[in-house]
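The chains referred to below are lettered A, B, ... by the order of the sequence lines, with proteins before strands, and numbering in each begins at 1. Everything numeric in this text was worked out from a predicted model, so none of it was measured. Below, each value reflects all heavy atoms present in this structure, side chains not excepted, and no hydrogens, waters or symmetry copies.
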There are 2 protein chains.
Amino acid sequence: MNLHQFRFVQEAVRRDLNLTETAKALHTSQPGISKGILELEEELGVDIFARHGKRLRRITEPGQLVLQSVEIIMREVANLRRIGEEFSKQDAGTLSIATTHSQARYVLPEPVAQLRRRFPKVQLVMHQGTPGDVARMLADDVAEIGLATEALADVPGLVTLPCYEWQHVLVVPAHHPLASVDRPTLEQVAAEPLITYHPTFSGRSRIDAAFAKARIKPNVTLEAIDADVIKTYVRLGMGVGLVAEMAVRDDPPGGDLAWRPVGHLFGPNTLRVAFKRGAYLRHFVFAFAELLSERLTRALIERAMAERPGSHPTSYEL
Amino acid sequence: MNLHQFRFVQEAVRRDLNLTETAKALHTSQPGISKGILELEEELGVDIFARHGKRLRRITEPGQLVLQSVEIIMREVANLRRIGEEFSKQDAGTLSIATTHSQARYVLPEPVAQLRRRFPKVQLVMHQGTPGDVARMLADDVAEIGLATEALADVPGLVTLPCYEWQHVLVVPAHHPLASVDRPTLEQVAAEPLITYHPTFSGRSRIDAAFAKARIKPNVTLEAIDADVIKTYVRLGMGVGLVAEMAVRDDPPGGDLAWRPVGHLFGPNTLRVAFKRGAYLRHFVFAFAELLSERLTRALIERAMAERPGSHPTSYEL
DNA sequence: TATCCTTACGGAATTCGTAAGCATG
DNA sequence: CATGCTTACGAATTCCGTAAGGATA
């Protein structure tokens, strides 16, 4: 039994039981992977994978249990490295952030700049993706802290905390009739060609839900993954845009675009920060979280991380 | 980083930072231990142990954190082995029980016999010791299930459940005046030379507490760790005995000893069963627990094991 | 036939023991 | 000076790569 074998099993599962892929991912030879897994199975006296001839088909029942233990072990190995970093290199290390475009573009610049000022020796790495990608990057130890509006709250193995609430805004060309309507209605919005986020992003599900509930079928002309693209096409007159308020917060008024908050139509959205359960968080990770939102404190995060997996969030949700 | 190094660190801590002892315990050379720990410290970039010259003095602050992760890793490695046993050898394996003399002598024979009948291929190992020893054996993975009346409830890292309640009985020679007293008083008991358990055992603390509360100083002539010894000296007329009720339950009445329940003097005691938190329990471990007490079920134990460390026990206490 | 896992094999690196060195109490 | 950790070194083992073999879809 050794850590290499554990890593092989873990990565093989992540690569859909394809050992060739696993070998590439781990920068080693494929026979080595095969041998390692075989040896572990031999030592435990149990098949971790069910094989069809020479091909790996699925994870066996004991394999599931083995995998659980392996995941815990690899998590703690990652923690050991972080502990080493935390204490050896004072205020230095690498912080990997997983996030969506919206946050990376409109929310993170400020806290990131502050963190760089306070911890100049911390190397920041940003990973961009869908909210689902964010969750996966945390689970796979690719990122240490994740930020997204959706899909994080209910992922097992993650600890999430609310960061702040935001609402959608309707973006129209400056001289569009809707620019002068204070509280646009769903019907008014639906009458226009719509440009908004791709379904996997930034509260798009809220938009769909609101229209569905009112039994209105909006005419979505274009789906983008970021607000810059949406605004560009609104400028071109292709329709009206629905974006997160962060995307227009810093735009000067009186430009070629106007916007109206439409939280009353699509409800509030919550940006959440997420960590992998059981992760050892270095002090600059806490510091970064505190920079993200007034609502986040080290004590609060530590309490949330200690919470029992099954139990439901309590006070810190308020 | 490898599992050997983790084992070295763990064992070194258990052996009070004496690497020579550690090497003996792990059946390897002392320089090997030294090298392994040094390499791990080198790789993590952190001192786990603070040294005075060449002698290990204490655990450093990062060392504490490292130790926590190491303990989790070693626990999961133990679990992996158990998972292997569970699925490879059907209904076979080794079950280590840590317990006190009282339970081993009077309580376990019946459930052990039943377990042997149901799982003939399970090898049973019994480890006897004080309640404190029982707790330690669980923590050190020497035993998988522990039984004791005291000292288990508040040990961090252990999950305990109540098994059943018992009371003390007063044991006297058959023709002793107290043999015919229905509810002896503390004063009556204290008037005789007392023979009872050693302070670390079987509810002795309850006895001391009751006398202390009544401001009576009993005359304890002899302290034994088991009821057989106590009964032997009562027969010799050296005094009256206080033992757990289990110790006389199977004695035929009309012999040379008589006894009276004295729960009204010393209160009820609770026998508890304990497991190491996070341990993987094989099915015959659950089966054994269920044989121990009607109150224990697999579902109940699983719920208790999943409970958050900090939170206090709930329904299954009742 | 293309993909993919297992077995075979040999050079290189690692491991682990003994022996020696050196610091503490 | 007795105990106890670290360093040195060499034999044995393990590791890990390439090449070949065999099974599936």
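Between B/Arg15 and B/Glu11, at least one side-chain nitrogen of the basic residue sits less than 4.0 Å from a carboxylate oxygen of the acidic one, meeting the salt-bridge criterion.
Residues B/Ile225 and B/His101 share a closest heavy-atom pair of O-CB, 3.9 Å. What you find for A/Ala12 and A/Phe49 is that their closest heavy atoms are CB-CZ, 4.2 Å. Nearest heavy-atom pair, A/Phe87 versus B/Leu65, reported as atom, atom and distance to 0.1 Å: CE1-CD1, 3.5 Å. A pairwise comparison of heavy atoms in A/Arg204 and A/Tyr197 identifies NH1-O, 2.6 Å as the closest pair. When every heavy atom of A/Gly129 is checked against every heavy atom of A/Val134, the shortest pair comes out as O-CG2, 4.4 Å. The minimum heavy-atom distance between B/Ile83 and A/Val46, with the atom names listed, is O-CG2, 4.2 Å.
Within residues 52-64 of chain A, the residues approaching DNA chain D are A/His52, A/Gly53, A/Lys54, A/Arg55, A/Arg57, by heavy-atom distance under 4.0 Å. Contacts of residues 9-47 of chain B with DNA chain D (heavy atom under 4.0 Å): B/Leu17, B/Asn18, B/Leu19, B/Thr20, B/Gln30, B/Pro31, B/Ser34, B/Leu38.
Protein chain A contacts DNA chain D from D/dG17 to D/dA25, reading 5' to 3' and using non-hydrogen atoms of the protein with a distance under 4.0 Å.
Between A/His283 and A/Phe119, the distance separating the two ring centers is shorter than 6.0 angstrom.
Between atom CE of residue B/Met74 and atom CD of residue B/Glu76 there is a gap of 11.0 Å, rounded to the nearest 0.5 Å.
A/Arg298 places none of its side-chain heavy atoms less than 4.5 Å from the side chain of A/Leu281.
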